[in-house]
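Notes to accompany the following structure.
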Amino acid sequence: MGLLNAILGNASQVEQSEIDEKFSKVLFPGETVEVGYKVIRDVWLFTSHRLIMLDVQGVTGRKKEYHTIPYASIRHFAVETAGTFDDDCEMKLFVADLPEPLKYELSRSVDVISIQKRLAEHICK
């Protein structure tokens, strides 16, 4: 079932050991990871200071793009849950100085409510 979940895009929480092994080099001194989510091959890390989005690209997955979005630059966000005839959820991040929101489509099984709660904890301080 693990492979099927990965193909369908189900998000799962990233284990602390994986975070320590794979992401310690991108964290600055004093920055801590609060929670990480894995969606297929991509990873979203909510740290004490920013949202890090790792976009794994290519067939081999050797090419990686890291997006850093400081919480202070997120002006607002929107989440849309899946409906009866809609198979996916959507999240939009409205970032300062970007004319269009960053849009992410997620599987219906992704708990977008917990993701938006985590964002709200940082943005609405």
Side-chain angles (χ1 to χ4, degrees):
M1 194 68 168
L3 178 61
L4 181 60
N5 282 346
I7 292 169
L8 295 177
N10 297 345
S12 59
Q13 197 161 334
V14 180
E15 297 293 326
Q16 187 63 44
S17 59
E18 184 178 349
I19 291 170
D20 294 341
E21 176 187 333
K22 295 183 179 178
F23 298 99
S24 61
K25 292 181 180 179
V26 300
L27 301 175
F28 58 79
E31 183 179 25
T32 58
V33 175
E34 297 172 352
V35 67
Y37 295 99
K38 190 174 216 171
V39 181
I40 305 180
R41 298 189 305 172
D42 298 344
V43 177
W44 295 3
L45 296 179
F46 290 86
T47 78
S48 51
H49 294 83
R50 59 187 168 149
L51 173 60
I52 300 172
M53 303 171 101
L54 171 63
D55 180 11
V56 179
Q57 302 173 356
V59 176
T60 64
R62 292 185 62 142
K63 183 175 180 179
K64 296 173 176 64
E65 183 174 47
Y66 292 86
H67 296 262
T68 292
I69 304 173
Y71 295 125
S73 70
I74 300 174
R75 298 298 179 229
H76 74 277
F77 60 90
V79 294
E80 180 181 291
T81 60
T84 304
F85 299 108
D86 190 10
D87 284 339
D88 58 359
C89 303
E90 187 174 280
M91 183 172 74
K92 296 177 189 173
L93 296 175
F94 296 83
V95 180
D97 299 327
L98 291 181
E100 297 292 323
L102 300 173
K103 296 180 185 179
Y104 301 95
E105 287 193 15
L106 305 166
S107 143
R108 79 169 28 249
S109 64
V110 173
D111 187 1
V112 294
I113 300 303
S114 68
I115 291 174
Q116 74 86 27
K117 182 179 180 180
R118 181 69 61 174
L119 281 169
E121 288 174 351
H122 287 283
I123 296 168
C124 299
K125 288 183 179 181

Working for salt bridge (Lys or Arg N to Asp or Glu O under 4.0 Å), residues R118 and E34 | CA-CA 9 Å; R118 181 69 61 174; E34 297 172 352; 3.5 Å; yes
Do L119 and L98 belong to the same hydrophobic cluster, where Ile, Leu, Val, Met, Phe, Trp and Tyr are linked whenever their side-chain heavy atoms lie under 4.5 Å apart, directly or via other members?
->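 Linked, L119 and L98 end up in one cluster.
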Are I123 and F94 connected in a single hydrophobic cluster, I mean Ile/Leu/Val/Met/Phe/Trp/Tyr linked by side-chain heavy atoms less than 4.5 Å apart?
->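 Different clusters: F94 never reaches I123 through Ile, Leu, Val, Met, Phe, Trp or Tyr contacts under 4.5 Å.
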Show your working on side-chain contact (heavy atoms from CB on, under 4.5 Å) between F46 and L51 and close with a plain yes or no.
-> CA-CA 5 Å; F46 290 86; L51 173 60; 3.8 Å; yes
In this structure, are over 12 heavy atoms from other groups packed under 6.0 Å from E65 atom CD?
->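 Counting other residues, nucleotides and ligands, CD of E65 exceeds 12 neighbours.
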Please check if atom NZ in K117 has more than 12 non-hydrogen atoms from other residues, nucleotides or ligands closer than 6.0 Å.
-> no
Out of curiosity, [X] [atom1] to [Y] [atom2], how far, rounded to the nearest 0.5 Å?
X    : Y    : atom1 : atom2 : value
K92  : E100 : NZ    : CD    : 9.5 Å
L102 : F77  : CG    : CZ    : 14.0 Å
T60  : Q57  : OG1   : CD    : 10.5 Å
I74  : L93  : CD1   : CG    : 5.0 Å
Y37  : L45  : OH    : CG    : 11.0 Å
K25  : Y66  : NZ    : OH    : 9.5 Å

Test M91 against I115 for side-chain contact (heavy atoms from CB on, under 4.5 Å), laying out the working first.
-> CA-CA 9 Å; M91 183 172 74; I115 291 174; 3.7 Å; yes
Any chance you could lay out the side-chain contact (heavy atoms from CB on, under 4.5 Å) test for I52 and L27, step after step, and finish with the verdict?
-> CA-CA 10 Å; I52 300 172; L27 301 175; 4.0 Å; yes
List in chain and number order the residues that pass salt bridge (charged side-chain N to carboxylate O under 4.0 Å, His left out) with K22, two or more places apart in sequence or in another chain; answer none if no residue qualifies.
->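 Once residues adjacent in sequence are excluded, the partners of K22 under the salt bridge (charged side-chain N to carboxylate O under 4.0 Å, His left out) criterion are E18.
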Applying salt bridge (charged side-chain N to carboxylate O under 4.0 Å, His left out), name anything that partners R75, two or more places apart in sequence or on another chain.
->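 Partners of R75 by the salt bridge (charged side-chain N to carboxylate O under 4.0 Å, His left out) criterion come out as none, since no residue qualifies.
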Check for a donor-acceptor pair, side chain of Y71 on one end and backbone N or O of R50 on the other, with a separation under 3.5 Å.
->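 Checking the backbone N and O of R50 against the side chain of Y71, a donor-acceptor pair under 3.5 Å is found.
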Any donor-acceptor pair under 3.5 Å from S73 side chain to P70 backbone |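 It does hold such a pair.
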Would you call the rings of W44 and Y104 parallel, tilted or perpendicular, where under 30° means parallel and over 60° means perpendicular?
->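 Rings of W44 and Y104: perpendicular, over 60°.
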Distance only, no hydrogens: is a donor on one side chain within 3.5 Å (strictly under) of an acceptor on the other, for E31 and S48?
->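 S48 and E31 do not have a side-chain donor-acceptor pair below 3.5 Å.
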Does the side chain of L54 reach to within under 4.5 Å of the side chain of K64, using non-hydrogen atoms?
->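 Side chain of L54 against side chain of K64, heavy atoms only: contact under 4.5 Å found.
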Here the pair of heavy atoms bringing Q116 nearest to V79 is CB-CG1, 3.8 Å
